[in-house]
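Convention: sequence-line order gives letters A, B, ...; per-chain numbering from 1. Reckoned from all heavy atoms, side chains included, excluding hydrogens, waters and symmetry mates. All values derive from a computational prediction rather than experimental measurement.
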Amino acid sequence: MTNIRVRFAPSPTGALHIGGVRTALYNYLLAKKMGGTFILRIEDTDQTRYVAGAEKYILDALQWCNISPDEGPGIGGAYGPYRQSERKDLYQKYAEKLLADGNAYYAFDTPEALDEKRAAMEAEKQVFRYDSSTRMEMVNSLTLSSEAVQKRLDSGEGYTIRLKVPREEQVQVHDLIRGTVTFQSNELDDKIMLKSDGMPTYHLANIVDDHLMEISHVIRGEEWLPSTAHHVLLYRYLGWENEMPKFAHLPLILKPSGKGKLSKRDGDKLGMPVFPIGWEAEKAEDSFRGFREYGFDPKAVLNFLAFLGWNPGTEQEIFSLEELAAAFSIDKIGKSGARFDYQKAQWFNQQYIIASEDQTLARSLRNDFGDQLAGVSDDFLASFCGLLKERVTFMTDFMEMGYYFFEPVKTYEEKPIRKKWKPEQRHNFDALTAALAAIDDFTAEHLETVIKNFIAAKELKFGEVFPMLRIALTGTMSGPDLFKMAALIGKATVLERLESGYNHFDQVKAAANS
RNA sequence: GCUCCUGUAGACGAAUUGGUUAAGUCACUGCUCUUUCACAGCAGAGGUUGCGGGUUCGAACCCCGUCGGGAGUACCA
């Protein structure tokens, strides 16, 4: 195979959707696997939809995911510029070639006239399409005399250039995922190549750039499959059919319900991220959080995304980026749309946290919660992470679930207190506290022997002692190993919390009985 | 409406390309780990492979029909 060059070509019309990230990932993986080049191209041909900051967002998002492009705007490369708006003049030339060869024509119909036409047809339950069957009824260089056309052109009147799609032809698209797809040319409309503002449409710009940038594989979303027939025609008319890139149209990522493709609204509605990183809009209600802000590890997100529509055919599920690149192949990509399974995403993240080194997690926490952790030592933080990492889904869970490692207990779960606390046993608990106070070397092992010996000596049951200790120390019934936790918190804090905890328990019981 | 894509447990999906009893994972249930939660391990439940025909000794896989889901149908990408 020759040089592999793939591109991710988003439009800077807003934040990059998670489906776009997957497209970028698959492109990246193919490039890395084959020792090829991954290119970012910004398709900003629609100035009306341009959103400031979107391009930066795309770069930031790819960087967060660690799938940065080899060539692109702000990165460089031998095939630039990589913003289509900066390549505007280029497209003009190819549009003129289409015109000269009779494969395109000038069209003077205004958007308003077209809208009217469409509305009129719709009223009769028909659909208007600007194609080989209707173009002779429209205002264009096919129906106007050449003098009239020249006059309109000279007058500065707006015009578009449309592709003249042939009649009665079959157009075949070879797709690496779906095989050969055949379209009848009569079903294809005369797509606009050059808009009245002089900018190309996606179709023209895309083909020209893919060719000029020597793209070998076009990996993009399934929504492009229907227009690929036009693209094949364009390659043919521009004389590039023999060097046409290979196509692979990815299945869509569907809503959790399976009805329709995943959208921004699903994220708002279901309380889950559908974008890689957050977006700061002018209006607060237009801002949103991404996977990053939800506490996801980008490696877990990538792993999750990779499996949405692809699988290696083995039973391995946890893959590093390098392993993904090594295992990746286009023919293992599925054909049907994959639903966005947020629970699975969470599972992946949990697996990544569990597999992380305690020190790594500690560093990450200090990075995100430095203020709250000001007086906490690295060793303490690492031990804390080791204790909690198996019970956590997100990085943010550490602080929520384990806040009591750093500050006093805020709230106590009342149910177990009401059920299990016996004020008449208080003297035993106080005696246990005294026994703990006598421990010099306050390790988990010593704590365990002292407490267990105490329980045995007093002929108590584990079930009536442990839960009370746990609640007094942490306020909650769920948490890490009691002894390790207590050892980490330290003797002074433990003694203090037992005392205030028991006092609180007595109050709860007194209130319940009154 | 028209064009194209697609259909295997609730979800992701495997099945050496027509060959035993249709993998595995997430989610769910139970057990174990003799303090909780979680992790882990074990076990369980969940399927006429959308449906109906056909070809064949044999069909998830091939053929015909049918139904469902999705995408496209812009001077948006």
Side-chain angles (χ1 to χ4, degrees), chain A residues 9-13 43-46 48-49 107 109-111 114-115 118 122 125-131 158-162 173 175 177-178 181-184 186-189 191-203 205-206 220-229 249 251-252 254-256 258-261 304 307-317 332 334-348 350-351 354 388-393 401 413 416 451 455 461-471 474 476-483:
Chain A
S11 187
T13 54
E43 309 227 327
D44 55 348
T45 55
D46 185 355
T48 62
R49 293 207 309 155
D109 318 87
T110 63
L114 258 16
D115 284 345
R118 268 188 272 270
E122 199 178 333
K125 298 210 167 178
Q126 299 212 298
V127 178
F128 171 72
R129 198 168 54 201
Y130 207 128
D131 63 10
Y159 66 88
T160 62
I161 295 176
R162 283 184 183 267
V173 175
D175 185 276
I177 296 172
R178 289 155 218 286
V181 181
T182 307
F183 295 87
Q184 303 300 325
N186 292 8
E187 300 295 338
L188 270 24
D189 66 331
K191 285 218 180 305
I192 289 179
M193 299 287 102
L194 212 61
K195 300 184 267 190
S196 58
D197 64 358
M199 277 289 195
T201 56
Y202 171 88
H203 308 289
N206 196 260
R220 76 221 308 189
E222 191 185 353
E223 67 267 27
W224 293 109
L225 187 54
S227 55
T228 307
H249 288 93
L252 265 14
L254 271 25
K255 296 174 189 292
K259 307 237 181 219
K261 45 176 181 174
F304 164 65
F307 274 74
L308 240 37
W310 172 86
N311 80 85
T314 66
E315 291 187 8
Q316 182 181 350
E317 290 209 282
K332 285 271 178 203
K335 296 177 179 178
S336 55
R339 294 193 201 191
F340 183 80
D341 184 352
Y342 188 52
Q343 280 185 315
K344 193 78 186 243
Q346 294 183 59
W347 178 80
F348 270 112
Q350 185 180 35
Q351 293 299 312
I354 291 172
L388 256 82
K389 69 179 179 184
E390 283 175 0
R391 313 153 212 265
V392 131
T393 302
M401 283 179 55
E413 265 178 48
I451 293 172
I455 289 173
K461 287 174 185 163
F462 285 4
E464 48 189 352
V465 177
F466 285 122
M468 292 299 100
L469 290 174
R470 176 177 292 284
I471 298 235
T474 70
T476 172
M477 278 305 291
S478 61
D481 181 87
L482 183 62
F483 310 112

Spacing of the [atom1] atoms in [M] and [N] (rounded, Å):
N      : M      : atom1 : value
C75(B) : A71(B) : C1'   : 22 Å
G52(B) : G13(B) : C1'   : 26 Å
U48(B) : U8(B)  : C1'   : 12 Å
A77(B) : G24(B) : C1'   : 38 Å

Can you tell me if the side-chain N/O atoms of [X] get under 4.0 Å from OP1 or OP2 in [N]?
X       : N      : value
K125(A) : C2(B)  : no
T45(A)  : A77(B) : yes
K461(A) : U34(B) : no
Q351(A) : A40(B) : yes
R339(A) : G69(B) : no
K191(A) : A77(B) : no
N206(A) : A77(B) : no
R118(A) : C75(B) : yes

Heavy atoms under 4.0 Å, any strand shown: does [X] hit a base, just sugar-phosphate, or nothing?
X       : result
F462(A) : sugar-phosphate
S336(A) : sugar-phosphate
G221(A) : nothing
F183(A) : sugar-phosphate
K389(A) : nothing
D109(A) : base
Q350(A) : sugar-phosphate
P111(A) : base
T182(A) : sugar-phosphate
G258(A) : sugar-phosphate
D115(A) : nothing

**Request:** Specify the residue among S196(A) and E223(A) whose closest nucleotide of RNA chain B lies further upstream toward the 5′ end.
**Result:**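 Upstream on the strand: E223(A).
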**Asked** Closer to the 5' end of RNA chain B via nearest nucleotide, is it L482(A) or W224(A)?
**Response**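 First, find each residue's nearest nucleotide; the 5'-ward one identifies L482(A).
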So which heavy atom on [X] is nearest to which on [Y], and how close?
X       : Y       : value
A229(A) : F183(A) : CB-CD1, 3.7 Å
H203(A) : S227(A) : CE1-CB, 3.7 Å
E43(A)  : A9(A)   : OE2-CB, 3.3 Å

Closest to the [X] side chain, choosing from [options]:
X       : options                : value
R178(A) : C5(B), U36(B), C26(B)  : C5(B)
I354(A) : A77(B), C26(B), C39(B) : C39(B)
S478(A) : U36(B), G13(B), C39(B) : U36(B)
T201(A) : C76(B), U35(B), G72(B) : C76(B)
N311(A) : A27(B), U6(B), G13(B)  : G13(B)
A338(A) : C12(B), U6(B), G1(B)   : C12(B)
R391(A) : C37(B), U25(B), A23(B) : C37(B)
W347(A) : C26(B), U73(B), A77(B) : C26(B)
V181(A) : A14(B), C75(B), C5(B)  : C5(B)

**Request:** Identify whether the distance between the nearest side-chain nitrogen and carboxylate oxygen of K344(A) and E317(A) falls below 4.0 Å.
**Result:**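 Looking at E317(A) together with K344(A), the answer is yes, because their closest N to O distance falls below 4.0 Å.
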**D341(A) with R339(A): basic N within carboxylate O range, under 4.0 Å** =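 No, D341(A) and R339(A) are not salt-bridged.
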**Asked** More than 12 non-hydrogen atoms from neighbouring residues, nucleotides or ligands closer than 6.0 Å to CD on E122(A), yes or no?
**Response**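 Count not over threshold, so no.
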**Request:** Could you tell me whether U21(B) is syn or anti, where syn means a glycosidic angle within 90 degrees of zero?
**Result:**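 Because its glycosidic torsion lies more than 90° from 0, U21(B) adopts the anti conformation.
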Measure [atom1]/[X] against [atom2]/[N] and give the value in whole Å, please.
X       : N      : atom1 : atom2 : result
F340(A) : G70(B) : CZ    : C1'   : 18 Å
N186(A) : C2(B)  : CG    : C1'   : 13 Å
M401(A) : C39(B) : CE    : P     : 11 Å

**Message:** Is a donor from one side chain sitting under 3.5 angstrom from an acceptor on the other, for T393(A) and Q350(A)?
**Reply:**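 No, Q350(A) and T393(A) have no side-chain donor paired with an acceptor closer than 3.5 Å.
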**Nucleotide opposite G7(B) in a Watson-Crick or G-U pair, distances under 3.5 Å** =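 The answer is C67(B), by the H-bond criterion.
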**Watson-Crick or G-U wobble partner of C33(B), both distances under 3.5 Å** =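 Looking at the geometry, C33(B) pairs with no nucleotide.
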**Request:** Please step through ring-ring contact (aromatic ring centres under 6.0 Å, His included) for the pair F304(A) and Y342(A), ending with a clear verdict.
**Result:** CA-CA 9 Å; F304(A) 164 65; Y342(A) 188 52; 8.1 Å; no
